[in-house]
Structure formats: structure tokens, C-alpha cells
Visitor: 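Got a structure for you, questions after.
Numbers restart at 1 for each chain; the letters A, B, ... are given by sequence-line order, proteins then strands.
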2 protein chains.
Amino acid sequence: MLRTNNCGELREAHVGQEVTICGWVQRIRDKGGRAWIDLRDRYGMTQLMFEEGSTPETLMVLVRTLGREYVIRVKGRVIERLSKNPKLPTGDIEIQVHHLEILNEAALPPFLIEDETDGGDELRMKYRYLDLRRAPVRKNLELRHQVSRKTRAYLDDQEFIEVETPYLIKSTPEGARDFIVPSRMNSRQFYALPQSPQTFKQLLMVSGLDRYYQIVKCFRDEDLRADRQPEFTQIDCEMSFVEQEDILEMFEGLVTFLFKEIKQIDITKFPRITYTDALKYYGSDKPDLRFEMRFVELNEVIGPTDFPLFNAAELVVGINAKNGATYSRKQLDELINFVRKPQVGAAGLIYVKYNLDGSFKSSVDKFFDQDALSTWAKSFEAKPGDLMLILAGKKEQTRKALNELRLEMGDQLKLRTNDKICPVWVIDFPLLEWDEETQRYHAMHHPFTSPKTEYMDQVDTAAPASIKASAYDMVINGVEIGGGSIRIHKKALQSKMFDALGFTKKEAEAQFGFLLGAFEYGAPPHGGIAFGLDRLCSLFGGAESIRDFIAFPKNNSGRDVMIDSPSFLDEEQLTSLGIQQIEKI
Amino acid sequence: MLRTNNCGELREAHVGQEVTICGWVQRIRDKGGRAWIDLRDRYGMTQLMFEEGSTPETLMVLVRTLGREYVIRVKGRVIERLSKNPKLPTGDIEIQVHHLEILNEAALPPFLIEDETDGGDELRMKYRYLDLRRAPVRKNLELRHQVSRKTRAYLDDQEFIEVETPYLIKSTPEGARDFIVPSRMNSRQFYALPQSPQTFKQLLMVSGLDRYYQIVKCFRDEDLRADRQPEFTQIDCEMSFVEQEDILEMFEGLVTFLFKEIKQIDITKFPRITYTDALKYYGSDKPDLRFEMRFVELNEVIGPTDFPLFNAAELVVGINAKNGATYSRKQLDELINFVRKPQVGAAGLIYVKYNLDGSFKSSVDKFFDQDALSTWAKSFEAKPGDLMLILAGKKEQTRKALNELRLEMGDQLKLRTNDKICPVWVIDFPLLEWDEETQRYHAMHHPFTSPKTEYMDQVDTAAPASIKASAYDMVINGVEIGGGSIRIHKKALQSKMFDALGFTKKEAEAQFGFLLGAFEYGAPPHGGIAFGLDRLCSLFGGAESIRDFIAFPKNNSGRDVMIDSPSFLDEEQLTSLGIQQIEKI
């Protein structure tokens with residue numbers, strides 16, 4: 001090694017030792033007769049000291065040629081610092097340097113390599129290798145490594161086997177957004193990159209592997225939102241001879257273990273809520289349970305009324321913002337503006353303040369007297385000092401809007417803090433959902449999801465939308481971090497499912513014949529789950545964007561601006577693959 | 001769980017317990033009044049017992065409807081077996097079944113699901129999910145999981161961080177055999193799948209990550225030999241502030257640890273041999289050191305002679321097959337045929353038997369007397385009973401042929417056994433090699449490999465072929481399982497290297513501009529290594545083919561015959577990507 005120690009490990013106990021350390025010049029302070037350098041590496045920062053008189057003259061000259069981010073190697077003696085720095089683990093000591101070697105020079109970086117930097121997003125993406133030098137960014141990668149390690153530790157311990165499934169697989173037009181890969185050896189044919197190893201992990205269950213997992217890259221060629229990437233990582237798991245409850249327990253265990261090991265947080269409750277209730281009480285299948293503020297439906301309480309908005313509404317529903325009665329007129333106006341934003345989509349907002357003196361002040365005082373408002377307050381379990389916020393309109397749209405308002409109020413009342421971890425299983429999803437655009441049913445999770453036991457025989461008889469699936473999502477603090485299902489394991493049922501989804505027999509056979517075939521040879525009951533590792537890491541790291549937890553992320557156009565990819569190819573290279581470019585239609 | 005126990009864990013201590021187990025019907029023996037089923041899962045095999053009288057009548061009927069590979073669930077009582085089977089961990093007990101449920105039926109499998117099967121390669125590939133049910137195949141996947149786990153344990157312990165690098169990267173026509181991926185969002189542009197994360201791991205060193213590893217899929221679109229796959233897995237590693245010796249030590253440590261943990265084998269010696277010596281003494285840069293049989297060059301010993309073959313030969317070189325003098329005329333003729341095979345390529349073989357009585361019998365007795373042969377024998381350090389085998393001709397070709405003969409003799413004399421593990425580092429590879437076809441120099445490892453210190457300033461001055469690189473391969477039992485190098489970390493040297501390889505400035509900038517750029521901002525000295533995980537597993541498993549250690553391998557045409565991939569795509573799907581097919585030229 002070019003060093004005897006790294007920049008993070010020297011302490012008072014090392015005083016007097018001769019050491020060699022290497023690293024990057026973080027900072028130089030030159031006070032004429034004395035100079036100090038903060039030398040940085042992954043492990044920490046160590047102060048180097050040079051002083052005229054004791055430091056050789058040539059070395060003093062050399063020190064003055066150094067710049068930020070130079071890579072140097074120094075030899076010297078560990079000495080006690082005159083003025084110690086209690087904030088730094090190495091703050092008790094410094095190195096009295098007697099030898100210095102420049103390992104590599106450095107141009108001035110385009111932005112500051114400090115915890116707080118002056119570099120904008122784009123610049124930092126282009127020079128990602130410099131951004132990764134900053135401690136907060138590096139710590140995100142270290143956190144990711146921890147999450148992966150601990151995940152493997154837990155699953156290994158539970159007798160799961162990690163199996164690598166192939167990346168060059170087969171395109172399924174169903175998904176339509178596969179990345180495809182031309183094959184040189186198989187003329188006119190293409191591989192696809194997997195959107196998930198779904199069918200392979202099911203085949204591993206057919207093969208009797210019993211418990212499988214894989215931390216694996218998946219690919220989706222779709223338009224990217226801020227928290228999506230064309231390639232992303234899943235913790236992909238599958239188990240045999242299980243029922244839904246077994247999977248929920250196993251992976252509650254995983255998540256509880258991770259929070260304990262990585263954040264020293266004890267998760268004590270893991271409630272379950274049905275999809276139907278999640279929509280009814282939170283307006284979302286990803287409810288944020290860090291705060292209560294459940295929806296209260298008022299249609300029955302209100303009864304017949306003269307208020308036209310309520311009369312016309314399919315649903316009148318509200319929330320109780322505890323201690324919100326202090327909201328000013330201006331604040332309430334801002335809330336009204338908030339719900340009217342197109343992405344929220346409500347026509348207006350009704351508020352009822354429950355004053356501390358027991359009286360009510362509402363935006364509908366013209367239509368409802370104090371008695372009526374008092375009845376509403378009872379439904380909301382409101383107390384003096386609370387603020388009731390009510391929306392009315394079409395059911396689905398109103399719930400969606402109230403969900404946005406609830407989250408906004410959670411933010412405003414500081415109820416959504418990162419130190420609270422509130423997981424919930426959302427269960428009993430519908431098996432199928434109607435798609436207006438294609439005028440047919442789609443699988444809500446995927447075509448391999450099993451109906452719940454009581455609907456097992458009804459796939460081809462019941463009203464499709466009424467069938468519930470053995471499917472579950474794990475939601476933490478309003479973020480979906482994982483989801484899965486019990487799978488179909490009988491060929492007959494899987495065929496019916498393909499029928500229900502509008503596959504012809506031929507299509508089903510061409511695309512999933514191998515799976516249908518496998519089900520003929522003794523497939524066990526099985527089910528599984530997949531977690532988004534990127535999102536899980538951002539949850540642990542307390543950050544919004546998954547991009548911060550990916551070493552080399554792509555931007556919203558799917559570009560890696562650092563290596564400048566994707567890129568144009570020679571025609572020759574395309575020709576050798578039997579393809580050529582056309583203008584897109 | 002659908003079971004209380006698995007099929008591998010019940011013992012005498014469980015006798016009397018009520019249990020529920022699930023699994024596959026391995027075998028049914030029906031002796032009229034009594035029937036037994038061997039029930040199999042990943043964990044083992046448990047015997048189920050049914051007997052008329054004590055077993056309910058309906059259940060006896062049901063048992064007789066079962067077939068091989070049916071998936072069943074049974075409840076029963078653990079009882080002691082009358083005739084125990086000491087070969088089976090569960091052989092002391094059986095289950096007296098009182099409840100049986102068929103979880104799934106099974107068609108008759110196309111081949112026997114037994115350790116020894118009657119299925120041919122192709123059939124087993126098509127039904128890979130059934131082949132994986134066989135214990136020897138499943139054990140290969142379990143072994144692979146172990147190798148990955150232990151590798152991570154060692155590297156984590158040494159402060160390496162696992163970082164995921166991207167799969168959608170940029171094509172470098174240099175390699176020419178990238179798999180490419182059209183981008184939907186970036187019209188007319190393409191990603192490429194990585195042949196290795198080489199440049200990314202170097203950027204991670206520039207970013208100060210210090211120690212990186214990744215167990216990662218890599219892709220090469222090249223014609224496949226028996227032990228190649230279009231996608232394969234590497235253990236990819238990189239370290240900063242190191243010299244070659246540090247890397248050799250670190251990864252000797254890894255391999256020693258793996259053999260100890262997985263095979264309980266102590267590796268005590270890790271010799272090093274230069275590339276030049278490897279060719280001189282073994283005719284190969286992948287020497288199998290399980291046996292000595294070093295090459296002995298005879299040109300000087302023989303001196304001037306009347307034997308035309310030797311006179312014309314650039315190199316006369318042989319091996320001493322210890323105790324081979326017992327070889328019959330027929331056996332020697334077979335060896336002559338062996339060396340004449342086109343893939344070996346020698347014109348003929350000279351042999352000298354050192355008889356037990358001290359005399360010599362050779363195929364060149366006409367040209368050389370006993371004294372001459374005795375001098376040869378001294379060079380070979382031969383003893384009575386040995387057999388000397390000699391080839392003559394052009395240097396390179398003769399060494400290559402003698403390497404084949406040496407390995408053949410190693411096989412014939414049973415010196416190449418799997419219980420011996422003989423690793424060696426091959427070092428001091430040439431930096432560049434001349435390519436006749438393209439009439440230019442190619443990088444022997446890759447363009448980022450550093451020359452050895454003493455050649456550092458000579459890349460643009462010395463005869464290119466004479467420059468040695470800080471590059472090393474790890475070879476075990478004649479198989480290359482890993483290789484790496486110290487990398488160039490200065491921009492000026494990297495530019496000279498691109499010059500030497502015939503890149504124009506523009507090409508170098510277009511393809512590797514990001515790396516050259518990164519080297520400007522303080523790149524540390526660094527180096528690394530990559531191991532082929534598939535090959536490492538086949539070494540641990542004592543098998544020839546890497547395919548046995550891959551869950552879903554592809555065949556020699558790069559096809560997955562199970563899912564039938566690659567496949568044809570709709571024109572619509574191609575059009576949406578802006579490409580169309582042409583006839584290949």
C-alpha cells in the first residue's frame with residue numbers, strides 16, 4: 001500500500017508514530033511561517049502541518065504549488081495539535097510532514113467539493129465523479145451498500161437462495177415498453193431486457209427452489225418522472241407453500257430488521273388496510289399513516305339541504321385538521337387556491353372552524369346553522385380549536401383531491417416528519433381494472449396474480465371488477481416501497497386469466513407458453529414480493545429523489561450526461577446487426 | 001405456511017409429533033396392503049406410509065391416483081421406521097398419513113427427475129425448470145450462492161463498498177461486439193450493455209471511493225464456445241493507493257478464504273510466474289501447476305546434428321513423463337496421432353524411453369547414440385523408468401503443441417485431479433500485442449492498463465512489443481479465473497496509450513473523453529481485478545462447463561430454448577423505436 005494509515009483513523013494514541021498517508025487536498029491555509037493542509041479520503045480528514053525552520057525548505061516551496069483536489073502522499077510524524085478540533089475524529093492530532101509527493105495534479109473543480117456545494121444539478125451530474133467526492137453523496141452510496149448487505153443477511157438467514165436470472169430475455173408486447181436488444185447470431189431476432197424477473201422466479205418455484213431472492217436490475221423504457229429511472233434495482237423475492245399471511249410476516253420481518261439495524265428505529269406496529277378502506281379513509285392506496293386525519297363522509301349526516309354544491313355531490317367528505325382553528329382568513333384562502341390547482345382538481349373548499357368558545361364559523365354559514373355544524377363536528381370527533389375542511393363532488397375525483405389536501409395539511413401542521421416511520425400493508429386489491437383507452441380489462445398487478453380464495457372459481461363468471469386479488473403493497477410514510485401477490489399456480493386458472501385479459505390462445509401460448517407448460521409439471525402454491533431498492537434507500541436516507549442513491553443516474557430524458565449516452569452509432573455497426581434507422585412516425 | 005416442517009428435517013426426536021409437510025412425489029411403492037411415497041423438496045426426502053386398515057379407505061384410493069411429480073400436502077404422525085435407511089438423514093422415521101391433499105397434478109416429466117437422468121442436454125435445457133429439480137443441478141446453484149456470499153463477506157470485511165454501476169451505457173466500437181439497445185426517448189441513439197464496468201469503477205476511484213466491488217452481469221456479443229455465455233457474471237474489484245503487490249495479496253486472500261470456507265482446502269502456496277516463463281516452461285499463459293513436467297529446451301544440448309528435423313527447428317523442446325517408460329508401442333503411436341491432430345498441430349513426436357536397466361530406446365536411435373540420449377536425459381533430470389517426449393519446429397507453434405501434449409500426459413498419468421488446487425499468478429504480461437489482421441497494436445488486457453514503472457516513460461519511444469504491463473492473471477489448475485492490472489491514472493500517459501493503439505485524438509475524446517476529463521481532476525493511483533464467477537463456481541464444483549452453474553443458461557447460438565428467445569418482433573414495435581430490419585450483408 002502507498003499508505004500506512006488512512007485519513008480517518010489517527011488519534012492521540014498514535015502520537016510519535018511515523019506514518020504515510022495519501023489523499024486529496026481539501027483546503028490549504030498558509031500563514032506565512034506556517035501552513036496547514038486538510039487531507040481528505042473516504043475515511044476522513046487529517047491535518048498536515050508545515051512550518052518554516054523545521055520543515056525542509058524545498059518542501060515549503062512544494063506545498064505552495066499545491067491546489068485543491070491535488071492527490072498527494074506524505075510521510076511525517078503524528079504530533080498533538082496545539083488547538084484541537086473536537087468536531088473532527090482526528091482533531092486531536094496533526095502530521096508534521098517531512099516528505100511530500102504529488103501523485104496527481106488537479107485542475108480547479110467546476111464546483112466546490114464541500115458538504116454544501118455551489119454546483120447546480122446539471123453540472124454535478126456531468127461531473128458525477130467529483131460530486132461523489134462530497135461526503136453527503138458518498139454517504140448515500142454507503143447507506144445503499146448497508147441496505148443491500150442487511151437485506152441479504154436477513155434473507156440468507158431465512159434460507160432464501162440468491163439466484164441470478166437472465167438479463168437477455170424475451171419481449172412481451174403486453175408490457176410494450178421493453179428495451180430490446182438485436183441478436184447478431186439470430187438474424188432478425190431480438191432479446192428484451194427484463195422489466196422484472198417475474199416469470200423466472202416463478203419457474204424457480206416450479207423447480208422446487210422454495211425460497212428465492214435476488215437484488216437485481218430491472219428496465220423500463222417509459223417516460224421518466226422525477227423519481228423514475230430507466231434502470232432501477234429490485235429486491236425480488238418468491239416463496240413456495242405459503243399463503244398471503246406468511247409473506248406479509250416474512251417481509252414485515254425484513255423491514256423491521258432493516259430499520260432496527262440501519263436506523264435504530266423499532267417498528268412496533270404493522271397495520272393492514274384494505275384497498276377499499278384506503279381509498280375511503282385516505283383517498284389513496286398509498287396512505288401516509290404518520291398522522292391520522294381520516295376522511296369523514298358526510299352525505300348521511302348532512303341529509304337533504306338547500307346548499308346546491310352538496311345536493312349535486314356524489315360524495316361530501318372532509319378531514320379534521322386538529323388545532324387548525326387558528327388559521328387566518330389568508331391561510332384559508334391559500335388552501336382554497338391549493339385545492340383548485342389543476343393537479344388537485346377540486347372546485348372549492350368548505351371550512352368549518354370550531355372556535356375555542358364552542359361556536360362554529362364556516363364558509364357555509366348561510367346554509368347551515370350552529371346545530372347542523374355541531375352535528376358535523378361530532379362526526380369529525382372535532383374539539384374546540386379544530387378546523388374541518390370539506391370537499392364535495394364526484395367520488396373518485398373528490399377523494400383524490402382530499403388526499404392532496406390531507407397531505408398538504410400534514411405538511412403544514414408538521415405531522416410528516418422523517419423520524420416517524422409508519423408502515424402499512426394495503427391488501428385486497430382488485431384483480432382487474434377497466435381501461436377506458438383500450439376498452440378492456442388490465443391486470444392491476446400483473447397477469448400472474450391469483451384471485452383471493454373465495455373468488456378463485458369466479459374469474460370467468462363474476463363481474464370482473466368485483467374480484468379481489470391476493471395482492472398487497474407495503475407502504476411506508478405514504479410511499480409504496482414494495483408489492484407482490486400470491487400467484488396462480490394452476491394452468492387452467494392461468495389460461496382463464498389470459499382469456500379475461502383479452503389474450504387469444506395463440507398470443508398466450510407465444511408469450512407465456514413456457515410458463516403454462518411449466519404449470520403442467522407440478523407447480524407448487526407460491527407467492528412473492530419485490531421492493532424498490534432505490535426508493536427504500538431514499539426512505540432510509542430521508543431524501544425525496546431516488547437519484548441521490550444511485551451512483552451514476554440518468555436524467556429525465558434517460559441520458560447519462562457524464563458519459564454522454566445514449567449516442568449515435570456507425571451505420572456499419574447497425575448493418576452488422578441487420579437493422580437500419582428510419583424516421584420515427 | 002402450508003407446512004409445519006420441510007422434507008429434510010424430521011428425525012427420531014420428532015417421533016409422535018403431528019406434522020404437515022408438502023412436496024413432490026418422487027416415488028410410489030405400492031405393495032397392496034401397504035404403500036409408501038418418497039416426498040421430496042429442496043431440503044430433502046421424507047417417507048410417507050399408508051396401510052390398509054389404519055389409513056382411511058378414501059385416502060388409500062387417492063394415493064393410487066397420484067403420479068410422479070404431483071405436488072401434495074399431507075398431515076400425519078411421525079413414527080419410527082421398521083427398516084431404517086441410514087443413507088437418508090430422515091431415514092429413521094416415516095409419516096403415518098391421515099390426510100392428503102393434491103396441491104397440483106403433474107404430467108409425466110419428459111425425463112427422469114433423479115440424480116442420474118435419462119434426459120439429453122437439449123431436452124433438459126428446454127425443461128430447465130424440471131432439470132433444476134434434480135439434486136446435483138440444484139446443488140450447483142446453492143454452491144454459487146455460497147461463493148457469492150463468502151466473496152461479499154470477505155470484501156465487506158476489507159472495507160470494500162459494493163456499488164451498482166449502470167447497465168445502459170455507451171457503445172465503444174473498439175470492442176465492436178457490444179450488445180446495443182435503441183433508445184426511445186433519444187431518437188436515432190443507442191445505449192450499449194457493458195462488457196465490464198471498467199471505466200465506471202475507475203471513475204469511482206477518481207471519486208475517492210477507495211475500495212469498490214460489484215458482483216455484476218457483463219455482456220459480450222461474440223461467437224460462443226462451450227464455456228462462454230453472452231451474459232456472464234464478474235466479481236469486479238478496484239482499489240486506490242495500491243501497487244501490484246497489494247492487489248495480489250488482497251485477492252490471494254479472497255481465493256484462499258473461499259477455498260477454506262467452501263471446500264475446506266488450505267491453499268498454502270501462491271507462486272508467481274512471468275508471462276515469458278509461463279510460455280517457456282509450460283507453453284501457455286494458463287499453466288496447470290498440479291503437476292511439474294516443465295518444458296526442457298534442448299537446442300544447445302543437442303548441438304549440431306545430422307537429424308534434419310532438429311537442424312531445421314527453431315526450437316527443440318520436450319517434457320519428462322515420469323514413470324512413462326512402460327508405454328507400449330501402441331500407446332506411443334496414439335501419442336503421435338494426438339500431436340498430429342490439427343488442434344495440436346505438430347508434425348511428429350520424438351520419444352526416448354529410459355529403460356529400467358539404464359539403457360535408452362528412442363524413435364531417433366538412427367541419429368543419436370546412447371551417450372547423446374544420456375546427455376538429454378540429464379537435462380530432463382530423467383530417471384530409469386521415465387519417458388521423454390520431444391517436439392521440434394517453429395517456437396510459438398511447438399510450445400503450443402507441447403502444452404497440449406503436457407496436459408494430455410497429465411490426464412493419462414492422472415496428475416490432474418480435482419482434489420489438488422494449484423493457483424499461480426501470471427505476471428509481467430506485454431502491454432501491447434501486434435495484430436496481423438488489423439496491422440496495428442492492440443492492448444493485451446485493455447487500453448487502461450499501466451506499463452510497469454520502468455517502462456512508464458517509454459510508451460512512445462520503446463519498441464512497443466517490449467513494454468511490460470503491470471497486469472496479472474490468476475490461474476488455478478490451468479484455468480484463468482481472474483485478471484487485472486494497475487491502471488493508468490494520468491491523462492498524459494493515457495493519451496499516449498490511445499495514440500499507441502491508433503486512436504485519433506477525436507476518437508479518443510469521443511469514446512473516453514469523460515475518463516480523460518476525470519483524470520484532470522485528481523485521479524489517485526489505482527488498480528483492480530475481475531474474477532469470472534461462473535468459472536470460479538465450476539472450479540469449486542469440479543465441473544467443466546460454466547453452464548451447469550447458471551440457472552437459465554443460453555446455448556451455443558445464444559438462445560434460451562426454454563423461453564424461446566431471442567424472438568421476432570412486430571414491425572410496429574421496431575417502428576416505434578425508429579429502426580427497421582434489413583437483410584444482413
Visitor: Could you tell me which of A:Phe568, A:Tyr127, A:Phe514, A:Tyr129 has the largest number of non-hydrogen atom pairs under 4.5 Å with chain B?
Guide: A:Tyr129

Visitor: Quick one: pull up CD in A:Glu142 and CG in B:Leu209 and give me the separation to the nearest 0.5 Å.
Guide: 7.0 Å

Visitor: Determine, stepwise, if the pair A:Asp560 / B:Lys170 fulfils side chain to side chain contact (heavy atoms under 4.5 Å, CB included).
Guide: CA-CA 9 Å; A:Asp560 181 329; B:Lys170 187 174 175 170; over 6 Å; no

Visitor: With a 4.5 angstrom heavy-atom cut-off, could you sort out which part of A:Met205 is near chain B: side chain, backbone, both or neither?
Guide: backbone

Visitor: Between B:Gly522 and A:Ala106, what is the shortest heavy-atom contact and its length?
Guide: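 Closest approach of B:Gly522 to A:Ala106, heavy atoms only: N-CB, 3.6 Å.
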
Visitor: How long is the straight-line distance from CG of A:Leu141 back to CD of B:Glu164, given to the nearest 0.5 Å?
Guide: 10.0 Å

Visitor: Measure distances from A:Pro182 to the heavy atoms of chain B and classify the residue's part below 4.5 Å as side chain, backbone, both or neither.
Guide: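 The answer is both parts of A:Pro182.
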
Visitor: Could you tell me which of A:Leu515, A:Val181, A:Ile113 has the largest number of non-hydrogen atom pairs under 4.5 Å with chain B?
Guide: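 Most pairs with chain B among the choices: A:Val181.
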
Visitor: Closest approach of B:Ile582 and A:Arg188, non-hydrogen atoms and distance?
Guide: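 Shortest heavy-atom contact: O-NH1, 3.9 Å.
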
Visitor: Just verifying a value: how many Å separate A:Met185 CE and B:Asp221 CG, rounded to the nearest 0.5 Å?
Guide: 6.5 Å

Visitor: Among B:Pro553, B:Pro525, B:Ala523, which has the most heavy-atom pairs under 4.5 Å with chain A?
Guide: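 Answer, by heavy-atom pair count under 4.5 Å with chain A: B:Ala523.
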
Visitor: Given heavy-atom pairs under 4.5 angstrom as the criterion, report whether the side chain, backbone, both or neither of A:Tyr213 touches chain B.
Guide: side chain

Visitor: Report the relative orientation of the aromatic rings in B:Phe179 and A:Tyr191; use parallel for angles under 30°, tilted for 30 to 60°, perpendicular for over 60°.
Guide: perpendicular

Visitor: Using modelled atom types and a 3.5 Å cut-off, is there a donor and acceptor pairing between side-chain atoms of A:Asn186 and backbone atoms of B:Ser557?
Guide: yes

Visitor: Just so I understand: if I count every heavy-atom pair under 4.5 Å between each of A:Arg40, A:Arg211, A:Arg128 and chain B, which residue has the most?
Guide: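 With the most close heavy-atom pairs to chain B, the winner is A:Arg211.
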
Visitor: Are more than 12 heavy atoms from other residues, nucleotides or ligands located less than 6.0 Å from atom CD of B:Glu571?
Guide: no

Visitor: Among the options A:Lys491, A:Arg138, A:His489, A:Glu572, pick out the one with the most heavy-atom pairs lying under 4.5 Å from chain B.
Guide: A:His489

Visitor: How far apart are the C-alpha atoms of A:Phe190 and B:Gln581, what are their side-chain angles, what is the distance that settles it, and do they pass the side chain to side chain contact (heavy atoms under 4.5 Å, CB included) test?
Guide: CA-CA 11 Å; A:Phe190 294 81; B:Gln581 285 174 320; 3.1 Å; yes

Visitor: Which bit of B:Val163 is near chain A, if near means a heavy-atom gap under 4.5 Å: side chain, backbone, both or neither?
Guide: side chain

Visitor: With side chain to side chain donor-acceptor pair (under 3.5 Å) as the criterion, how do A:Glu162 and B:Ser148 come out once you've worked through the C-alpha distance, each side chain's angles and the decisive distance to 0.1 Å?
Guide: CA-CA 9 Å; A:Glu162 186 164 22; B:Ser148 298; over 6 Å; no

Visitor: Which atoms of B:Leu130 are under 4.5 Å from chain A, going by heavy atoms: the side chain, the backbone, both sets, or neither?
Guide: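 For B:Leu130, side-chain heavy atoms alone lie under 4.5 Å from chain A.
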
Visitor: Is A:Tyr70 in contact with chain B via its backbone, its side chain, both, or neither, using a 4.5 Å heavy-atom distance?
Guide: neither

Visitor: Donor-acceptor pair, A:Trp24 side chain versus B:Gly208 backbone, under 3.5 Å?
Guide: no

Visitor: Looking at every non-hydrogen atom in both residues, tell me the closest pair between B:Phe552 and A:Thr165 and how far apart they are.
Guide: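 Minimum heavy-atom contact is CE1-CG2, 4.4 Å.
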
Visitor: What part of A:Lys554 gets closer than 4.5 Å to chain B, counting heavy atoms only: side chain, backbone, both or neither?
Guide: side chain

Visitor: What is the distance from atom CZ of B:Arg134 to atom OG of A:Ser207, rounded to the nearest 0.5 Å?
Guide: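 So the gap between those two atoms works out to 12.5 Å.
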
Visitor: At a heavy-atom distance under 4.5 Å, which candidate from B:Leu132, B:Val137, B:Ile215 has the highest pair count against chain A?
Guide: B:Leu132

Visitor: Quick one: what part of B:Leu533 sits under 4.5 Å from any heavy atom of chain A, side chain, backbone, both or neither?
Guide: side chain

Visitor: What is the distance from atom CD of A:Glu105 to atom NZ of B:Lys490, rounded to the nearest 0.5 Å?
Guide: 7.0 Å

Visitor: Could you walk me through whether A:Thr199 and B:Ile563 pass the side chain to side chain contact (heavy atoms under 4.5 Å, CB included) test, one step at a time?
Guide: CA-CA 10 Å; A:Thr199 48; B:Ile563 64 170; 6.0 Å; no

Visitor: I'd like to check B:Arg42 versus A:Ile161 (side-chain heavy atoms, cut-off strictly below 4.5 Å). Are they in contact?
Guide: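 Contact flag for B:Arg42/A:Ile161 side chains = yes.
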
Visitor: If I measure from the heavy atoms of chain A, does B:Pro524 come under 4.5 Å with its side chain, its backbone, both, or neither?
Guide: both

Visitor: What closest approach, in Å, do B:Met562 and A:Phe200 show between heavy atoms, and which atom pair accounts for it?
Guide: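 In this case the closest contact between B:Met562 and A:Phe200 is CE-CE2, 3.9 Å.
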
Visitor: Do the non-hydrogen side-chain atoms of B:Val71 and A:Phe241 ever get within less than 4.5 Å of each other?
Guide: yes

Visitor: Measure distances from A:Glu159 to the heavy atoms of chain B and classify the residue's part below 4.5 Å as side chain, backbone, both or neither.
Guide: both

Visitor: Quick check: closest heavy atoms across B:Leu569 and A:Ile180, and the distance to 0.1 Å?
Guide: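 That closest heavy-atom pairing would be CD1-CD1, 3.5 Å.
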
Visitor: Enter the distance from A:Glu231:CD to B:Ile169:CD1 here, rounded to the nearest 0.5 Å.
Guide: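 With rounding to 0.5 Å, CD (A:Glu231) is 9.5 Å from CD1 (B:Ile169).
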
Visitor: Select one option (side chain, backbone, both, neither) describing which atoms of A:Ser240 are under 4.5 Å from chain B's heavy atoms.
Guide: backbone

Visitor: Any idea which of A:Arg144, A:Glu243, A:Glu69 has the most non-hydrogen atom pairs under 4.5 angstrom with chain B?
Guide: A:Arg144

Visitor: Highest number of heavy-atom pairs under 4.5 Å with chain B: which of A:Phe519, A:Phe219, A:Tyr167?
Guide: A:Tyr167

Visitor: What is the minimum heavy-atom distance between B:Asp156 and A:His145, and which atoms define it?
Guide: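 The pair with the smallest heavy-atom distance is OD1-NE2, 2.9 Å.
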
Visitor: Go through the atoms of A:Asp131 and report whether side chain, backbone, both or neither lie under 4.5 Å from a heavy atom of chain B.
Guide: neither

Visitor: Where on A:Leu108 is there a heavy atom nearer than 4.5 Å to chain B: the side chain, the backbone, both, or neither?
Guide: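 Only the backbone of A:Leu108 comes within 4.5 Å of chain B.
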
Visitor: Hey, is A:Arg3 close enough to B:Asp210 for a salt bridge, meaning N to O under 4.0 Å?
Guide: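 Answer for the salt bridge query: yes.
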
Visitor: Taking NZ in A:Lys217 as the centre, count heavy atoms belonging to other residues, nucleotides or ligands within less than 6.0 Å. Is the count above 12?
Guide: yes

Visitor: Does any heavy atom of chain A fall under 4.5 Å from the side chain of B:Leu574, the backbone, both, or neither of them?
Guide: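 For B:Leu574, the contact with chain A is made by the side chain alone.
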
